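Quick notes on the structure that follows.
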Amino acid sequence: MAHGNHNIEITNQQFEFTSKQKMFTYIMIVLGIVLLAVGYIMGSNDHPASAHKAQTEQVVKEAGGEPAANAEGHGDLNTKRLWANLLLGAYFTFLLGCGGLFFIAVKNVANAGWHVGFMRIPEAMATYLPLGALFVVLIGGVWGVSISHYYHWSTPGITDPSSPIYDKILAGKKGFLNVIFYCGGLPLFFAVWWYIQRKLRTWGISEDQDDPGLSALGDNTNTKWYDKSVAASAFWIFFFGFTFSITAWLVIMSIDAHWFSTIFSIYNFAVLWVSTLASIHLLLIYLKTQGYYKHVNDEHKHDLGKFMFAFTVFWTYIWISQYLLIWYANFSEEVVYYNARWTSHYMPYFIANLVLNFVTPFLILMTRNNKRNPNTVILAGAAILLGKWNDLYLMIMPGVTGDYGSIFGFMEFGSIFLFFGLFLFVFFRSLTKANLTPVHHPYIKESVLHDVGV
Amino acid sequence: MRKNRKFLYGVFNHPDDILNAAYALRSTSNQILDCFTPFAVHGLDRAMNVKRSRLGIVAFLMGLTGFLLAVSLQFYTNVFDWPMNIGGKPAQLAVPTFVPVCFELTVLCTAYGMGITFFLRARTIFGVRETVFEARQSDDHFIMCFDMESKSLNIDEVTGLMKQHGAFDVKQVEMLAGK
């Protein structure tokens, strides 16, 4: 670190979305669609649905719960699997969008300064939020609830006492689990998030364009834009806490509509936050290899690595909290959730979940040198992202398709390629729209001089 | 062991000054004994050539102690000495039930062990007299001190460098201090 030199100049770099990167994202999107199509066609040619379905129903019935998850047969299992994979991809990238905004908001509220050097990365991630929210509502709310009734609670007539498939428990939940809440309520929440995201973004860019005459870093004493951002962030975190919980319940937890877990929303938040931190770190490492962000050094990466390490443990804490209480109490209506994931073909995924999300990153990121070394961080970040995908797969797939979805196929890859291609495209495009470094941010000097010590 | 020791120290007004002085002194043979600042001055530890703290190793050992304590406690009580049937769970090694206690005891021992070790090592634990050169070293002044008994210390050179980098006062003092 250059000591004592407090007139550090940062060349005001502009990100260039090269044709190579564009081509990469296009290929990812096209490959994703192709793989989804191939997987879908292969799945429908196999005609495995009836055999698997019977088996699954039996397993589920033995487990004592959620018989109708597969029994009603709205659409065959192959189509359900396609839908579940699309929901997974949409939801995962949507979480990354939320996470980018949460990163900015929580740093604003904490008056933190160390992240300012690379804060355009989470900001650009957050610009995916409206698109991600749109996909979640379209795939989950419109296709899953309104058209194909893939959510068990959305089956027509299930809350009607005169119907043969009347379900008393789901009828009791219809005030919350209904189409209006999903297709009307959620978009309302997302609109507020989007509004805040837009505001934080435009204020940040206005701050950058204020007083272009300023030369030295940290000369900007005008905190007008920053103060506004702090207030908006504080409101948003408060609002997000409630509305994200509702989102997680509706989009993911209601797949197993009879089952519920009070820790589920914070569990989803753990998934969001850990995968966001891993993504920020990986994107930062990538951008540094492209020659950007020269002033972001090992010190910042060390802190990001600490975050990844710490919240890996946080995720595990939440995971074991949900598992342990259900395991201990052993109520059949609660245990059914883990029955479908442990005493089934999903057991390898269940074990991989702990290995990828806890053991691997925990051991890799434990030492100081590994947190500062890009290669080990890439290894840990890849394990975390893969593990979080696996975690969401375990949340979604058993409830939608039963054991049918337990064999890894083309569709799983396709959905991930498609949505991550889209996400990266939006991310890179947003990066080009602003200076890579917010040179007039009040904390930019603190960020450049950031030092975690020996 | 507290005994009378002779020190040379400079008083600075600004964290940048003490940082620059520390960097300037790196190229000489004079070893800075310690710096006293009212807050953590970023980069000062690097400038003083402070070696990396071994507190992490202590933390690991403390954590391991806590973990083993938890495992042995639970194993002895729940498996060996008095196995109990609680909710039909396997009496022999019901691993998930061990997790919370292991976690808590690991965290507890790590936190307390690290904290106490740090306070001991930094000589700020209860009962240890603190070394005070100037009352304002914990307010708005920055102190850089040298051991006068050190053979490699060149008093004139150090005084000159400190003054050159903004020390407004350089003093010699004999006081009771721990090693």
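The sequence lines fix the lettering, A, B, ..., with proteins before strands; numbering per chain opens at 1. Owing to the predicted nature of the structure, the values given are computational and were not obtained by experimental measurement.
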* Asked: About how many Å separate CG of A/Asp451 and CZ of B/Arg46, when rounded to the nearest 0.5 Å?
  -> 4.0 Å

* **Heavy-atom neighbours of A/Phe350 CZ exceed 12 at 6.0 Å** => yes

* **Atom CZ of B/Phe60: over 12 foreign heavy atoms under 6.0 Å** => no

* To do: Find the one option among B/Thr97, B/Val50, B/Val99 whose heavy-atom pairs under 4.5 Å with chain A are most numerous.
  => B/Thr97

* To do: Give the member of A/Ala329, A/Ser321, A/Gly453 that has the highest number of heavy-atom pairs under 4.5 Å with chain B.
  => A/Gly453

* Decide if atom CZ of B/Phe39 counts as having more than 12 heavy atoms of other residues, nucleotides or ligands within a radius under 6.0 Å. => yes

* Where do A/Leu324 and B/Pro100 come nearest, in terms of heavy atoms and distance? -> CD2-CG, 3.3 Å

* To do: Decide if atom CZ of B/Arg26 counts as having more than 12 heavy atoms of other residues, nucleotides or ligands within a radius under 6.0 Å.
  => yes

